[in-house]
Amino acid sequence: MPAVTQTREAVEKLGQSTYKWGFETDIEMDMAPKGLNEDIIRLISSRKEEPEWMLEWRLAAYKTWQAMTEPKWAKVAYPPIDYQDAHYYAAPRKKPGPKSLDEVDPELLRTYEKLGIPLHEQALLAGVEVPEGERMPVAVDAVFDSVSVATTFRKTLEEAGVIFCPISEAVKEHPDLVRKYLGTVVPAGDNFFSALNSAVFTDGSFVYVPKGVRCPMELSTYFRINAKNTGQFERTLIVVEEGASVSYLEGCTAPMRDENQLHAAVVELVAMDDASIKYSTVQNWYPGDENGRGGIYNFVTKRGACRGARSKISWTQVETGSAITWKYPSCILQGEGSVGEFYSVAVTNNHQQADTGTKMIHLGRNTRSTIIAKTISAGRSDSTYRGLVRVQPKASGARNFTQCDSLLIGDQCGAHTVPYIESRNMNARIEHEATTSKISEDQLFYCRQRGLSEEDAVGLIVNGFCRDVLKELPMEFAVEAQKLLQISLEGSVG
Amino acid sequence: MNALSKDMSGPLALFANRLNTLAGPERQAAAGALARTGLPDRKSEAWHYTALRALGKQDYAAPPAQVDDGAVRTLLDGVLCAHPAMAGLPRVVFVNGRHAPAFSALPDDVDLAFFAQAPRFGLQAAPDRDPLVALNTALAEDGLYVRVPAGVDGGHVMLVSLGVAGAEPVSFHPRHTVVVEKEAHLRLICVQAGQGAYFHNPVTDIVVEDGATLEHVTVQTEAAQAISLGTLYAHVGHQSVYDSFVLGLGGQLARHEVHARLGATRGVVHVNGAQRLAGQQVGDITSVITHVASDCTSRQTVRNVLDGHARGVFQGKVLVERIAQKTDGYQMNQALLLSPDAEIDAKPELEIYADDVRCSHGATVGALDDDQLFYLRSRGIPEHEARQILIDAFLDEAIALVTDATAQTFCRAVLAARFAGKGDVA
Amino acid sequence: MSQFLEISGLCARIDADGQEKQILRGVDLSIPPGEVHVIMGPNGSGKSTLSYVLAGREDYEVTAGTATFHGQDLLAMEPEERAAAGLFLAFQSPIELPGVNNANFLRTAVNAVRRARGQDELDAVAFLKMAREAAKALSMAPDMLKRNVNVGFSGGEKKRNEVLQMTLLQPTFAILDETDSGLDVDALRIVAEGVNRLRAPTFSALVITHHQKLLDYLVPDRIHVMARGRIILSGGPELARQIDQEGYTKFLAEVA
Ligand SMILES: Nc1ncnc2c1ncn2[C@@H]1O[C@H](COP(=O)(O)OP(=O)(O)O)[C@@H](O)[C@H]1O
Ligand SMILES: [Mg+2]
């Protein structure tokens, strides 16, 4: 979360609350009136100077959406959402000024310098495995409310042939690529929220890595909902051609507000033969206050298509934010020998509700998937792992391993595990394990005997509990994520 | 009551004639609930994996008053001969859902009565939440009531349900009640068998009072064309044990649904099972184990062997309410697919609101283990025999969980008789 | 100088499966600064329970008696406050912390205790240097710092890890609960040297052991015999040798 680190440094003074990203940035905004109708969609499309086909696509999605109803099967409860009571377009009138996000990378390095810790020592203490060799720099795309405000390192990337730009720009500058792939992994009508997103999405990132290219740096998008009463509907499309690879990081924050704000993103990934995509998220949208007031409704559709043989898509997520999370990053394992991974930590506290998990759809032969999900519930929150592993008749030799562990902190919360396991191939092998328990009294006592406060002991044990997931994160994310876990659980013990 | 018939669409229409002429408040309320909900389809989460299309398009009639005694005798002999000990056990035989005294050998130490004389619907069944229970409530004619008085060891009781149908499909909806009073003990063996096309829809209401033990084994060998959809409710008291096992072998569509409720401290529930299916069979083992008291234990091991085009379904939910601290819950579902067209759908589910618990579940799906197969063959065992050994061993580990030795041997005998030499199928 | 650890009439019980079980039945013990005392006694006599009660484990309910440490009421303190005050317990069965990196755990603990004692926290570089040296002195493989706390450690490695923690936390009072059991002779000597390095006029230790061997290295000041939740006999170092040769039975019979 380099962008988050950077931004936080810049505005640290504001953070006297436990949600340290709750600042509101004072920028002049260009806003569409509240409400959702064809005119608003036309307005969005014209503000973005989109080609006609894009508008048609949006309008078709809007029609589909109107005929759909909100899904009710998830284990989350919230008052009805008035879809007419939000702004569907909001953009800063000018760039955020001198603290341009271009400085992110030097700033990050300085942060480490300030700590005075050689990087490998830092990694050891954090329990993070770093591969030997040079660390990659990070290119950042920052999305403020509805539009992308800054994309760094574009030149370096262009030289390598990598396209990394706001999707609104890609629609204009790379229309053939966008048209070829947009909506092919998550069709507009896939579900209620994807239809809504397809109609009104305003920005997001587009990544294209051509054949044989190993993206020379981590790509990172930093999403921030800033303006009041806006929904954020970003759309991300990542296409990685044969033999190419990319690692993409996503960080999210929002200011503290009393009312709920809607976030309904769609992320589509496409991996061709031997391609690999690593998609890491640290989701820290405002979770609401300790009485459950405010917070983001996070209804997200993320799906990756392993179209090529031996392609690989790996999702890693650390979900600590949002009042409600509804999110199932999935893999369609079509290419022979393709690999899907899902590593997840979901932490809920106070009145948060999370229903999250994954779908691994095995279509091709010898496809493999791994699911490691760690759920931590505290306060009065409810957290559900919901996952589907499906092996279709042609997927001979498919393998899945799933491990879901839940930890309850306090006796007013809930933790639930709902796996769906479906196999139609006798040569497939599926293994699923799940456990639910509380933090062991023995472990707590041991740490406290060594002088740790109860809260620190819980933080340490929780980080250990999540280690199998955290170690999948790129290093700067992992260090941030560990701190985030601790902050998220503040006030949950004692 | 004809007003209801308008709403009897879908599969429910197959019972419309009978549902429109009901007497008594329970039956009418149940029929009303059914008219509102209809029979479940796959949109209902509890029926996500099992469709009731198999009920077909022909109306289900009430069973005829006269049944061919010869056919009943043959079926009963089939059950009793499976294992020599069975013939000597007390038994209550139902034919097409009605008590058949001529074939029964009633037990002495327990208190018996019949639903036909004194209808009892029990307190646990929820017709408004479960349409199949509503259907049973509306159409139940007979059923067994068995009560083991406090402190008494009731020994074994066999409850044999036989379906005997001709060309026209019939349905029967027996309503059974089992009460094991304080500190009492009962070993209940339920056997389901039959011939022809029938729909067996039993509901069983079980209460295991404080300190009591019920060992309950169900051996389901329904006729090939039969549909068997049973629902069972068990309330488990303080320090009492409900130890159940189902062996699912028969029927074209069979579902064994158990709702066990650990209502007082230190209760123990086992909901184990095994199914072995082939052809076009669909077998569904569904359970909801609810912990509403502290220090209780629940255990579940279910094993499935699926051949041909068969489809096995396992749904197991363990619900731990906030008050149920120190719950110990464990669940394991395993499936062996023997054919390229077989399918397993499993949904083990934990819903947990208490923090001081130790709950876990596991699931595995796969084919026979190549290493094990190789090991056996390297010792000189021919492949088909090696496969048979491994399949038997896989199911036997579940059957070994049956604590009542007689019932355990009976399960093995029934399985062996049905599948002798059929390991070499793939 | 006032006694440094003073235990008097200490009674404690545990609620095991709904049944109250009295374990400590009036323990009296005082340890002056700079001394090493030993508790011996048959299995189940309450030695580990005493160490847990002193360290503040919540499962045990203190029903009577007092324990003061530097004149402070030990029993009123939280476990981490006791640690910060200088009390260290080497567990008879060290706890495993899956996923928790040993180096990180040690640094967090050391800095928590330093903070509480008003000392500066150690930065990562300084800490790792110190930890590596301490580990080396205990002949621990360097990769033990990278592994998860006690997970997959052999019995001997776990005990050494306890001594490593003790070395880094610099306690003024250490309880060693059968730290010698399961160690080979070389390891035993290394562990004893670890304790001896801490010896100072301000450092005391309570060593729970069954074997004379460890005491050959540690040279204790007093030996106490515990039975059925009480100290039934105390004496000089020769008492340990006697027990080592003759067993507990004779002593138990004498006081019975
Ligand atoms: N957590 C516990 N639950 C039940 N009994 C316990 C527990 N802890 C200790 N005890 C019992 O207390 C007695 C003393 O145990 P302990 O202090 O471990 O003895 P020692 O260390 O002297 O061998 C034993 O009988 C032991 O079984
Ligand atoms: Mg001990």
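For the numbers below, each heavy atom of this structure counts, side chains included, while hydrogens, waters and symmetry mates do not.
Using a distance-only test at 3.5 Å, with no hydrogens or angles considered, a donor-acceptor pair links the side chain of C:Arg199 to the main chain of C:Leu218.
Using a 4.5 Å cut-off between heavy atoms, C:Asn148 contacts chain A through its side chain alone, with no backbone atom that close. With a 4.5 angstrom heavy-atom cutoff, C:Arg82 does not touch chain A via any of its atoms. Heavy atoms closer than 4.5 Å to chain A are found nowhere in C:Glu81, neither backbone nor side chain.
Remark: A:His416 engages B:Tyr353 in a ring pair (Phe, Tyr, Trp, His ring centres under 6.0 Å) (not counting sequence neighbours). Take C:Phe153 and apply the ring pair (Phe, Tyr, Trp, His ring centres under 6.0 Å) test, not counting sequence neighbours, and it matches no residue.
Across all their heavy atoms, C:Ala55 and C:Leu89 have their closest contact at CB-CD2, 3.9 Å. For the pair C:Arg107 and C:Leu122, the tightest heavy-atom approach, listed with the atom from each and the gap, is NH1-O, 3.3 Å. In plain terms, the two heavy atoms of A:Cys413 and A:Leu408 that are nearest each other are SG-CD2, 3.7 Å. Minimum interatomic distance between C:Ile190 and C:Ser139 (heavy atoms only, all atoms of both residues): CD1-OG, 3.5 Å. Closest of all the heavy-atom pairs between A:Gln449 and C:Leu87 is NE2-O, 3.1 Å.
Of the residues considered (C:Ala83, C:Ala85, C:Pro171, C:Pro79), C:Pro79 shows the highest number of contacts with chain A, using heavy-atom pairs under 4.5 Å.
Within residues 435-448 of chain A, the residues approaching chain C closer than 4.5 Å by heavy atoms are, in numerical order, A:Asp442, A:Gln443, A:Phe445, A:Tyr446, A:Cys447, A:Arg448. Interface with chain C: from residues 369-384 of chain A, no residue qualifies, criterion being any non-hydrogen pair under 4.5 Å.
Residues C:Gln19 and C:Arg13 are not in side-chain contact: their nearest non-hydrogen atoms beyond the backbone lie 4.5 Å or more apart.
The aromatic ring centroids of C:Phe4 and C:Phe69 lie less than 6.0 Å from each other.
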A:Glu341 and A:Thr316: CA distance, side-chain angles, deciding distance, side-chain hydrogen bond (donor to acceptor under 3.5 Å, both in side chains) verdict: CA-CA 8 Å; A:Glu341 294 174 342; A:Thr316 305; over 6 Å; no

